[in-house]
Amino acid sequence: VQLQAFGGGLLQAGGSLRLSCSNSGRTFSSLAMGWFRQAPGKDREFVAGIDWSGHSTSYKDSVKGRFTISRDNAQNTVYLQMNNLNAEDTAVYYCAAEVMGRGIPAMWGNWGQGTLVTVSS
């Protein structure tokens, strides 16, 4: 599994951004995919996850209703649409992958390089 995240940037509060993460290597459709973030001085935290089929998703409470995770198995890509961003969303965002037959895993073994999202208030 080789993951590459991109799409980060600098924007003002209230704005929107879409992150993408592409996978090469293991068959993408066998992987649950997730987005995590790490803000300066803080631990990395789970943001959103999606199962292999795209039918099951999970979100951190503070991003529910603002962020949407989706995937395109034909394009080997997972997305994170982020709307109504605020300064607390500023972080390096990482995508992660794990082989999972059903559901969204609690442990993730494959990580991509992060992409920085900076939201100015």
Side-chain angles (χ1 to χ4, degrees):
V1 177
Q2 293 181 320
L3 304 172
Q4 178 65 50
F6 47 95
L10 171 65
L11 69 165
Q12 293 185 333
S16 297
L17 202 62
R18 188 177 80 159
L19 305 182
S20 302
C21 176
S22 60
N23 168 66
S24 59
R26 191 181 186 99
T27 303
F28 186 71
S29 60
S30 69
L31 300 170
M33 300 297 297
W35 285 98
F36 289 73
R37 67 187 182 187
Q38 186 167 20
K42 296 187 178 180
D43 293 334
R44 185 168 58 190
E45 62 181 5
F46 174 82
V47 175
I50 188 167
D51 75 340
W52 70 271
S53 70
H55 295 313
S56 179
T57 58
S58 179
Y59 294 93
K60 175 181 173 61
D61 283 347
S62 65
V63 308
K64 287 180 180 178
R66 300 189 298 123
F67 291 12
T68 302
I69 188 171
S70 62
R71 65 189 295 158
D72 184 339
N73 286 350
Q75 297 295 324
N76 292 339
T77 303
V78 63
Y79 304 97
L80 185 68
Q81 177 66 44
M82 305 185 294
N83 298 328
N84 194 23
L85 285 157
N86 57 61
E88 288 68 40
D89 297 314
T90 294
V92 176
Y93 284 72
Y94 299 88
C95 63
E98 187 57 56
V99 176
M100 189 78 175
R102 180 180 296 178
I104 297 167
M107 302 293 290
W108 300 78
N110 303 281
W111 297 86
Q113 292 183 330
T115 185
L116 176 63
V117 174
T118 303
V119 184
S120 62
S121 57

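It should be emphasised that the depicted structure is a prediction, and the values quoted were computed from it without experimental measurement. Side chains included, hydrogens not; waters and symmetry mates left out as well; all remaining heavy atoms used.
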### Query
Under the side-chain hydrogen bond (donor to acceptor under 3.5 Å, both in side chains) rule, what pairs show up with a residue in residues 3-18, not counting sequence neighbours?
Ser16-Asn83

### Glu98 side chain to Ala32 backbone, donor-acceptor under 3.5 Å
no

#### Entry: Expected output: side-chain Ser53 to main-chain His55 donor-acceptor under 3.5 Å
yes

### Message
Does Gln81, at its CD atom, have more than 12 non-hydrogen atoms belonging to other residues, nucleotides or ligands within less than 6.0 Å?
### Response
yes

### Message
Can you list everything that forms a ring-ring contact (aromatic ring centres under 6.0 Å, His included) with Trp52? Sequence neighbours excluded, please.
### Response
none

### Query
Quick one: CG on Leu85 to OG on Ser120, what's the gap to the nearest 0.5 Å?
10.5 Å

### Inter-residue atom distance Asp72.CG - Ser20.OG, 0.5 Å rounding
10.5 Å

### Query
To the nearest 0.5 Å, what is the distance between SG (Cys21) and OH (Tyr79)?
10.5 Å

### Task
Using the side-chain contact (heavy atoms from CB on, under 4.5 Å) rule, take Val47 and Phe67 through it: C-alpha gap first, then chi angles, then the decisive distance, then the call.
CA-CA 9 Å; Val47 175; Phe67 291 12; 3.7 Å; yes

### Query
Taking a hydrophobic cluster as the set of Ile, Leu, Val, Met, Phe, Trp and Tyr residues connected by side-chain heavy atoms closer than 4.5 Å, whether directly or through intermediates, do Leu11 and Trp35 fall within one such cluster?
yes

Identify every side-chain donor-acceptor pair in residues 37-44 under 3.5 Å, counting partners at least two apart or on other chains, and give the distances.
residue: Arg37; atom: NE; partner: Glu45; partner atom: OE2; Å: 2.7
residue: Arg37; atom: NH1; partner: Asp89; partner atom: OD1; Å: 2.9
residue: Arg37; atom: NH1; partner: Tyr93; partner atom: OH; Å: 3.0
residue: Arg37; atom: NH2; partner: Glu45; partner atom: OE2; Å: 3.3
residue: Gln38; atom: NE2; partner: Lys42; partner atom: O; Å: 3.1

### Task
To the nearest 0.5 angstrom, please state how far the OG atom of Ser70 sits from the CD1 atom of Ile50.
6.0 Å

### Task
Output all residues satisfying ring-ring contact (aromatic ring centres under 6.0 Å, His included) with Phe36, sequence neighbours left out; order by chain, then residue number.
Phe46, Trp108, Trp111

#### Entry: side-chain contact (heavy atoms from CB on, under 4.5 Å) between Leu31 and Val99, worked out
CA-CA 5 Å; Leu31 300 170; Val99 176; 3.7 Å; yes

### Query
Quick one: disulfide (SG to SG under 2.5 Å) pairs with a partner in residues 35-76, sequence neighbours left out?
none

### Task
Determine, step by step, whether Leu3 and Val1 satisfy the side-chain contact (heavy atoms from CB on, under 4.5 Å) criterion, reporting the C-alpha distance in whole Å, the side-chain angles of both residues, the deciding distance to 0.1 Å, and the verdict.
CA-CA 6 Å; Leu3 304 172; Val1 177; 3.7 Å; yes

### Partner of Leu80 by side chain to side chain contact (heavy atoms under 4.5 Å, CB included), out of Leu19, Thr115, Val63, Leu17
Leu19

### Query
Under the 6.0 Å and 45° cation-pi test, does Arg71 pair with Phe28?
yes

### Query
Hey, mind stepping through Thr77 and Asn23 against side-chain contact (heavy atoms from CB on, under 4.5 Å) and telling me if it holds?
CA-CA 6 Å; Thr77 303; Asn23 168 66; over 6 Å; no

### Donor-acceptor contact present, side-chain Thr90 to main-chain Val119, <3.5 Å
yes

### Task
Report the hydrophobic cluster partners of Met100, with the cluster defined as I, L, V, M, F, W, Y residues connected by side-chain heavy atoms closer than 4.5 angstrom, directly or transitively.
none

### Query
Any idea which heavy atoms bring Phe6 and Ser22 closest together, and the distance?
CE2-OG, 4.0 Å

### Task
Measure across Ala48 and Tyr59 and return the closest heavy-atom pair with its distance rounded to 0.1 Å.
CB-CD2, 3.6 Å

### Message
Looking at every non-hydrogen atom in both residues, tell me the closest pair between Met82 and Val117 and how far apart they are.
### Response
CE-CG2, 3.9 Å

